[in-house]
Amino acid sequence: MVSPPHEAMHRIFQHDPGLFSRVSRFLGVDIPAPVKATALPTDLTETNPVERRVDTLLRLETADQGSFILAVEVQGKKHPDKPASWAYYTAYLWTKYRLPTALLVVCQDPATARWAQQPVSCGPPQLPTLTVQPLVAGPHNMPVITDPEEARADLVLASLAAITHAAEPDVDVILKALSTALRDAPEDVAKPLIEFTAQGLAKRPAKNLWRNLVAVDLSFYTSYLAEEVRAEVRKEVRAEVWQEVRAEVRQEVRAEVRQEVQAEVRDEALTQGEARRAAADVLAVLAERGLPVSDAVREVIDGCDDPETLSRWLRRAVTASTAEDVVSGA
């Protein structure tokens, strides 16, 4: 699955194709600014079943050097198969469009960036038939823009700088400068850059700082970031409301159960009272007849709480020869 940082690091060049010429000076080359840019299909699949897609593909036209093709690839980690894929992309695009083809690889990891910019040849050492050496933009060469005025001068470049430095110690200062610079930008300019930056930071700790900066400094209520915050807040509020409703229902159920228990206890008390009186009547009849009552029999009679049984014992007490006969056989 394609990650948000992956999307942000190449789609930002679709958003502003002139960004490549401004980035190139940090990469040690001088690419003229385009006077026209056209987004091209990214599907490089041929008739064979192997599917190949470049991340972003642009045709840039310059005033002095004509047209060229720019392929932008995002690389998150080292992969031994990538140089061969990049060689295929550039050769295929050169063949298809008959235009000079440039390849830019964007990275957030310094080690991956250093790996990506090493030249790789498809031929033997003495016959480097085709050599791939892409331009690489990453934390090792992208500017650390910590001045809001510098960020304001090129907001898109500042956003890309923040994304490529997402894991670097300076990212907090870069984000603060960018949020300050975006504060006065028109909404149609600020909104996509807020979202690109948020996607580029992904789940890194700096994402929380960016969200807080945007919430304080910028109008973001219709942005991707706002929807993400809204989803998180909704989850928190739902949990709170659930607890509140649960407490309310608990109180209502408690009141109902209390009434039920009161009725049950009242009935039990009445039954126990009747049993105590019935047991006393049995013992009174036995005493009136002069029949001795042992402690064991007295305990059985006093311990009985069944009115029907006590009523039966009362009838027996009138004619029984002994107290034991009253309770025998229950």
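Numbers here are sequence positions counted from 1. Computation of the quantities below employed the complete heavy-atom set of this structure, encompassing side-chain atoms and omitting hydrogens, waters and symmetry-equivalent molecules. Given the structure is predicted, the values throughout are model-derived calculations rather than measurements.
Under the salt bridge (charged side-chain N to carboxylate O under 4.0 Å, His left out) criterion, R22 pairs with D16, D154, not counting sequence neighbours. Not counting sequence neighbours, the partners of R152 by the salt bridge (charged side-chain N to carboxylate O under 4.0 Å, His left out) test are E149. A search for salt bridge (charged side-chain N to carboxylate O under 4.0 Å, His left out) contacts involving E256 returns nothing, not counting sequence neighbours.
Defined by atom type and a distance below 3.5 Å, a donor-acceptor pair is present between the side-chain atoms of S311 and R315. Using modelled atom types and a 3.5 Å distance limit, the side chains of D325 and T322 yield a donor-acceptor pair. In the model, T197 has a side-chain atom that pairs as donor or acceptor with a side-chain atom of S159 under 3.5 Å. There is no side-chain donor-acceptor pair under 3.5 Å between T164 and Q108.
Under a hydrophobic clustering in which Ile, Leu, Val, Met, Phe, Trp and Tyr are joined whenever their side-chain heavy atoms come within less than 4.5 Å, directly or via other members, V189 and F13 fall into the same cluster. Using a 4.5 Å cut-off between side-chain heavy atoms of Ile, Leu, Val, Met, Phe, Trp and Tyr, with links allowed through other members, I194 and V173 fall into different hydrophobic clusters. In terms of hydrophobic clustering, with Ile, Leu, Val, Met, Phe, Trp and Tyr side chains grouped at heavy-atom distances under 4.5 Å, L104 and W94 are assigned to different clusters. Clustering ILVMFWY residues whenever any of their side-chain heavy atoms sit less than 4.5 angstrom apart, transitively, puts V120 in a cluster other than the one holding L103.
Here the shortest heavy-atom pairing between I12 and L160 reads CD1-N, 3.9 Å. For A162 against L201, the heavy-atom pair with the smallest separation is O-CD2, 4.2 Å.
Cluster partners of V144 are I174, counting Ile, Leu, Val, Met, Phe, Trp and Tyr whose side-chain heavy atoms approach within less than 4.5 Å, directly or via other members. Residue V35 shares its hydrophobic cluster (ILVMFWY side chains chained together at separations under 4.5 Å) with no other residue.
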What donor-acceptor contacts under 3.5 angstrom involve side-chain atoms of residues 57-71, with partners at least two apart or in another chain?
from	atom 1	to	atom 2	distance (Å)
T62	OG1	Q65	N	3.0
T62	OG1	G66	N	3.1
T62	OG1	G66	O	2.7

**CA sep, side-chain torsions, deciding dist, call: T56, Q14, side chain to side chain donor-acceptor pair (under 3.5 Å)** = CA-CA 7 Å; T56 283; Q14 298 178 24; 2.6 Å; yes
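By the 4.5 Å heavy-atom criterion applied to side chains, V326 and V293 are not counted as neighbours. Residues D55 and E73 meet the side-chain proximity criterion, which asks for heavy atoms closer than 4.5 Å. Side-chain contact between E299 and S294 is absent, with no heavy atoms from C-beta onward closer than 4.5 Å.
The backbone N or O of L213 sits nowhere less than 3.5 Å from a side-chain atom of S179 that would complete a donor-acceptor pair.
Annotation for E288: atom CD does not count as buried by contact number, only 12 or fewer foreign heavy atoms lying within 6.0 Å.
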